[in-house]
Amino acid sequence: MVGFDTSDDAAVYKIDDNTALIQTVDIFPPVVDDPYSYGQIAAANSLSDVYAMGGKPKLAMNVLCMPEDLDKEIILEILQGGYSKCKEADTIICGGHTIKDHEPKYGLCVSGFVHPDKILKNSTVKEGDVLILTKALGTGILNTAIKADLLEPATEKALIESMATLNKDAALALNDFSISGCTDVTGFGLMGHANEMASGSGRTIVIEGSKVPLLPQAYEMAEMGIVPKGAYNNRNWTSCSVSFGEEVSLALSDVLFDPQTSGGLLISLPETEAQKLICRLKDTVPVAEIIGYVEKFSGKTVYVK
């Protein structure tokens with residue numbers, strides 16, 4: 001039912017009239033020093049694709065690459081971190097696979113389920129929709145800044161908490177609303193994933209830059225030029241499709257291109273329902289904000305003002 005032709009978040013296979021299978025896999029190297037937190041973040045990131053498709057994750061298999069000399073206690077902590085997030089997601093870890101590698105890498109292969117009529121795609125946004133983002137941006141920039149010891153302790157705590165937070169509550173809040181499209185914001189940054197939504201739907205997405213939630217110090221670090229290579233790759237990839245108003249600073253545009261680790265959901269729905277959804281989300285996802293809207297295609301897939 002969903003393949004790779006629209007750059008969607010996961011594959012979906014129809015089992016019967018009431019059930020479709022969502023299948024996804026994701027792994028990456030450590031983004032924080034603490035192995036337990038790393039396991040949590042990697043698992044939350046892997047589970048996110050199922051939530052973005054409108055489903056519920058149910059089964060997961062560990063995928064772990066590790067150096068031969070890696071301390072077994074570190075391996076155990078990584079796996080325990082992943083287990084804790086799967087438990088929170090009501091998902092069963094039922095095995096996995098390990099391989100020797102020079103650098104640790106961890107994630108999950110996840111199976112989830114959704115009703116065939118309730119699948120959320122990234123290529124079905126509609127003119128007149130508004131866009132809601134459920135997590136603040138800046139994880140790539142802040143993870144780069146950590147290496148230079150530039151972050152305040154409160155910022156580092158907020159960063160890890162954001163990356164380790166499941167998109168479970170955000171996804172549950174969507175059940176009573178007419179969602180047009182949805183994706184999660186990860187490696188391609190907000191601009192890359194918005195570009196995929198807009199191009200797949202034949203529309204233009206307008207982002208109001210001042211309304212986009214940012215993690216503490218993200219803008220400050222961007223002003224200092226603490227920007228990961230992935231942000232420049234994202235900018236180059238979408239350079240012909242994305243445009244910015246003169247009032248948008250270079251630092252803000254860098255944050256919008258910043259590759260996210262375990263980012264939030266980007267949700268498109270009718271304007272008439274947006275405020276009700278925001279009120280619902282604020283109970284469990286307080287950072288959620290309306291950040292833009294969808295209009296008729298105007299020559300660019302994404303415009304930031």
Side-chain angles (χ1 to χ4, degrees), residues 4 7-9 24-33 37-38 41-46 48-49 52 63 65 101-107 122 133-151 155-156 158-160 162-165 167 183-199 205 207 209 212-244 248-266 291 301-302 304:
F4 53 76
S7 303
D8 228 311
D9 296 298
T24 184
V25 61
D26 207 329
I27 66 171
F28 54 72
V31 292
V32 295
D33 290 333
S37 296
Y38 166 49
I41 293 164
N45 182 74
S46 300
S48 181
D49 285 340
V63 182
C65 305
D101 198 354
H102 67 281
E103 181 182 32
K105 301 176 185 70
Y106 175 64
N122 71 350
L133 181 64
T134 65
K135 283 190 184 183
L137 299 182
T139 65
I141 288 169
L142 296 184
N143 280 320
T144 302
I146 283 179
K147 299 172 185 176
D149 199 25
L150 293 172
L151 297 188
T155 298
E156 187 170 346
L159 168 64
I160 293 173
S162 178
M163 293 189 294
T165 297
N167 282 320
T183 190
D184 60 341
V185 179
T186 51
F188 294 139
L190 178 62
M191 292 294 92
H193 290 286
N195 174 61
E196 288 181 338
M197 292 184 86
S199 60
I205 284 177
I207 301 293
V212 177
L214 307 181
L215 285 164
Q217 290 190 264
Y219 189 88
E220 173 192 347
M221 293 297 108
E223 283 189 309
M224 293 171 57
I226 310 299
V227 179
K229 180 181 178 181
Y232 296 108
N233 291 339
N234 289 339
R235 186 186 289 272
N236 291 336
W237 171 56
T238 59
S239 59
C240 295
S241 305
V242 175
S243 62
F244 293 85
V248 180
S249 67
L250 176 61
L252 178 57
S253 70
D254 281 339
V255 180
L256 299 181
F257 282 113
D258 185 42
Q260 300 302 287
T261 298
S262 189
L265 299 182
L266 181 61
I291 64 164
T301 54
V302 183
V304 183

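This structure is a prediction, so every number in the text was calculated from the model and none was measured.
- Every residue two or more places apart in sequence or in another chain that forms a ring-ring contact (aromatic ring centres under 6.0 Å, His included) with F188 is listed here: H193, W237.
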Go through it in stages, so that I can follow the logic: the residues are V302 and L190, the test is side-chain contact (heavy atoms from CB on, under 4.5 Å), and I'd like the CA-CA distance, side-chain angles, deciding distance and then a yes or no.
CA-CA 10 Å; V302 183; L190 178 62; over 6 Å; no
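- Interatomic distance, I205 CD1 to S241 OG, rounded to the nearest 0.5 Å: 12.0 Å.
- Side-chain contact between L256 and L137 is present, with heavy atoms from C-beta onward closer than 4.5 Å.
- In this structure, the side chain of S253 engages the main chain of L250 through a donor-acceptor pair within 3.5 Å.
- Note that the CD atom of Q217 and the CD atom of E220 stand 4.5 Å from one another [nearest 0.5 Å].
- You'll find the side chain of T301 stays beyond 4.5 Å of the side chain of M197, heavy atoms only.
- Residues I27 and Y106 have side chains not in contact (no heavy-atom distance under 4.5 Å, counting atoms from C-beta outward).
- By the 4.5 Å heavy-atom criterion applied to side chains, T186 and T261 are not counted as neighbours.
- Considering CG of L215 and OG1 of T139, their distance stands at 7.0 Å, rounded to 0.5 Å.
- Side-chain contact check for L151 versus L142: some heavy-atom pair is nearer than 4.5 Å.
- Comment: K135 does not engage D184 in a salt bridge, judged by the lack of any side-chain N to carboxylate O separation of less than 4.0 angstrom.
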Mind running side-chain contact (heavy atoms from CB on, under 4.5 Å) on V227 and T144 for me, showing each step along the way?
CA-CA 7 Å; V227 179; T144 302; over 6 Å; no
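- Not one N or O on the side chain of S48 forms a donor-acceptor pair closer than 3.5 Å with the backbone of A44.
- Going from atom CE of M221 over to atom OG1 of T155 covers 8.0 Å, rounded to the nearest 0.5 Å.
- Taking CG from L133 and CG from L265, the interatomic distance works out to 8.5 Å, rounded to the nearest 0.5 Å.
- No side-chain heavy atom of Y38 sits under 4.5 Å from any side-chain heavy atom of M163.
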